[in-house]
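As the structure lists them, so they are numbered: ligands from 1, and atoms in each ligand from 1.
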Amino acid sequence: MKLVSDYFGCMVFNDEVMKEKLSPEDYATLKRTMEHGRSLNLSVANAVANAMKDWAVALGATHYTHWFQPMTGITAEKHDSFISPKDGGKVIMEFSGKELVRGETDASSFPSGGLRATFEARGYTAWDATSYAFIKDGVLCIPTAFCSYGGEALDKKTPLLRSMEAINRQALRVLKLFGNEDVTSVKTTVGPEQEYFLVDKNLFEQRKDLIYTGRTLFGAKPPKGQEVEGHYYGVIKPRVQAFMKELDEELWKLGVPAKTEHNEAAPAQHELAPVFETTNIAADHNQLTMEIMQKLAKKHDFVCLLHEKPFEGVNGSGKHNNWSISTNTGVNLLEPGATPYENAQFLLFLCAVIKAVDDYQGLLRISVASAGNDHRLGANEAPPAVVSMFLGDELTEILEAIERDEGYDTKEKELMRIGVHTLPKFPKDTTDRNRTSPFAFTGNKFEFRMLGASASVSGANTVINTAVAEVLKQFADELEQASDFQTALHDLIKRVFTAHKRIIFNGNGYDDKWIAEAEKRGLLNLKTTPDALATYLDEKNIALFTAHKVYTEKEMRSRHEIFLEDYCKIIEIEARTMADMAMKDILPAVSEYSQTLCNTVHAKKKLNKKFDCRYETDTLERISSLQTIVYKCAQSLAYKLDHAVLMHDAESRSQYYKNETLPVMQSLRMASDELETLVPSKYWCFPTYGELLFGVSE
Ligand code: ADP
Ligand code: MG
């Protein structure tokens, strides 16, 4: 049997391989580059490129690609072969340092939101040396950032890397105040738990909505839904098990630390959780995970759905973004410590996150906004669209005691002084953990639960990192000036908690009462993507990103445009698909059944005038009127689509889609779903929810 430890990372040009294949000097230079983000000189780049090529060719690779994450949300690659022609019709395999560190690419077909003027179609890709190269399908993939020739970010990785630099700068200032002289870098860590659905490929192919939009636009509730909760952590079916096994193996070869696989709450829903890694690597690995899930699913005659809400009335799929900050000396800064000194530092970082989430709730909401996630956020099983934080009772009580200058442990009546007293031990029991909070403290990390399943984690982490960097900057500015550090620290924590405790909510986030309460507290409730995006270019947000050099204002404007366009495109495709299915599938199916009913009535009456035809005539009446609704809605959708295309401004178009198109789609769906319950299966035009959700046999 092959041992996992033997093949884990076998397709990765990782540290071990580098050490083996590079001279000690080149290896040391490369490591320095990786740790401090310096640029690589050409002779070292050449040596690295050559070693990488030899290693890759020996493993069967023939091509290389700069692997990047444009704004399309998926990864992009353009394969170049290593071959270089030589005299006598021979070739040799070549790969230079220049080709490794920088690639040129035609950027004109990638979304740029107006950043790339038409005369400048070129963009370039630059190696992110902190993320290892790997071999996928015989191609050496080099993780890269993607920019325009003007240096503007055209991708999701560049701002993420910039945000990691920002939080590194500010966290180091704060850590210095606590006397951590040995810490030279701080990195954020992320472990994204990925939810997904598996449906039978054969059934998938019979549904245009799944094919074109990744979600069902029609579908009546099946007789059995997820009420029974038999699926969560249930026994995994052999066919699914086989898929998961191969998925783990493929991911392990690529060095992706897939850790747990289990069934989720909804039927046919599953989850994969990896071990956490440095944020940019976690982001790369999550992209790979989604890609490989989809590819392998097909091999097992499944289709993997990563849509946020593939089925109405059934749990949607999210991606829980577990986030923390660690030093290069291995200290998790969100881990409560054992000494008063460690506790003080922990509480300061904790308060930095609390203030950051409160100050930038709008940006956090925007970072997870998409047409798909709009169906999930606020639905009864996903976090609401309101951003709030869960700290747990113990931690909240401690902060309250500090706020009120009271003893935490009332028996001892001792005042909680930061830096003097030890914090009590917090239970890290997972059972009483709040699962409904959008931003939950889970012992030594925060779990941001609003991300949709298909999203790249880069956007959300860029916001978290930058917002926390900003607050750490404010803290450092203040504390660096303090004459008495201990007192200043205590006062700062007290003041921050008082000012931002409105964001803390330890109760049930799915409860409607909470939404009313949140409004009273003045928290934002940006229900839809267009609502959220309307606040993206607020002065405060531009100030944040430009101050920390994460985005220029121009880059933000371009992203705003891309987000709006994305939203519009999705609704447009969905509306077109609905109209098409209504006209070509649903209406003809209903007519066919109506004809059968009419024929039956005729036949019965012919035989005996007194025969009761109530079932036939009642059904005919109901399905005819529903059919008219479907027909009218389909016509109205077609009209609205034509109208929307004429609107050139993306902002008004997105509002139009939200206010005018979505309600018609909803009415169309309601009428069609009722028809589905009245028309016999043999006339119905596509597989039902029952078949899709329970269709995977043993
Ligand atoms: P659960 O939440 O199911 O109890 P865990 O606490 O083990 O499971 O972790 C859930 C996810 O959080 C995993 O992907 C894990 O790797 C990640 N995680 C754990 N510690 C950290 C950390 N310090 N930073 C980022 N992610 C983390
Ligand atoms: Mg989870």
Q | Exercise: do N280 and S131 side chains pair donor with acceptor under 3.5 Å | A | no
**Q.** N506 and T396: side chain donor to acceptor below 3.5 Å
**A.** yes
Q) Which is it for T260 and ligand 1 at heavy atoms under 4.0 Å: side chain, backbone, both or neither? A) neither
Q: Of the side chain and backbone of K259, name the one, both, or neither that has a heavy atom under 4.0 Å from an atom of ligand 1.
A: neither
Measure up the [X] and [Y] rings against each other and bin them: parallel (under 30°), tilted (30 to 60°), perpendicular (over 60°).
X: F243; Y: H300; answer: perpendicular
X: Y196; Y: H270; answer: tilted
X: F134; Y: W67; answer: perpendicular

Is the shortest N/O to N/O distance between [X] and ligand 1 below 3.5 Å?
X: E193; value: no
X: N444; value: no
X: T189; value: yes
X: P192; value: no

Q: Please report the C-alpha distance between S370 and N373 in whole Å, then the side-chain angles of each, then the deciding distance to 0.1 Å, and finally whether the side chain to side chain donor-acceptor pair (under 3.5 Å) criterion is met.
A: CA-CA 5 Å; S370 69; N373 218 11; 5.0 Å; no
(Q) Using the ring centroid of each side chain, check whether F13 and Y132 are separated by less than 6.0 Å. (A) no
Q) Counting from 1, what ligand 1 atoms have a heavy atom of N332 closer than 4.0 Å? A) 23 (N)
Q: Output the list of atoms in ligand 1 that are nearer than 4.0 Å to some heavy atom of V275, sorted by atom number.
A: 16 (O)
Q. Which is closest to atom 9 (O) of ligand 1 by heavy-atom distance: E271, K445, H262?
A. K445
Q) Between the candidates G443, P274, A273, which shows the shortest non-hydrogen contact distance to atom 15 (C) of ligand 1? A) P274
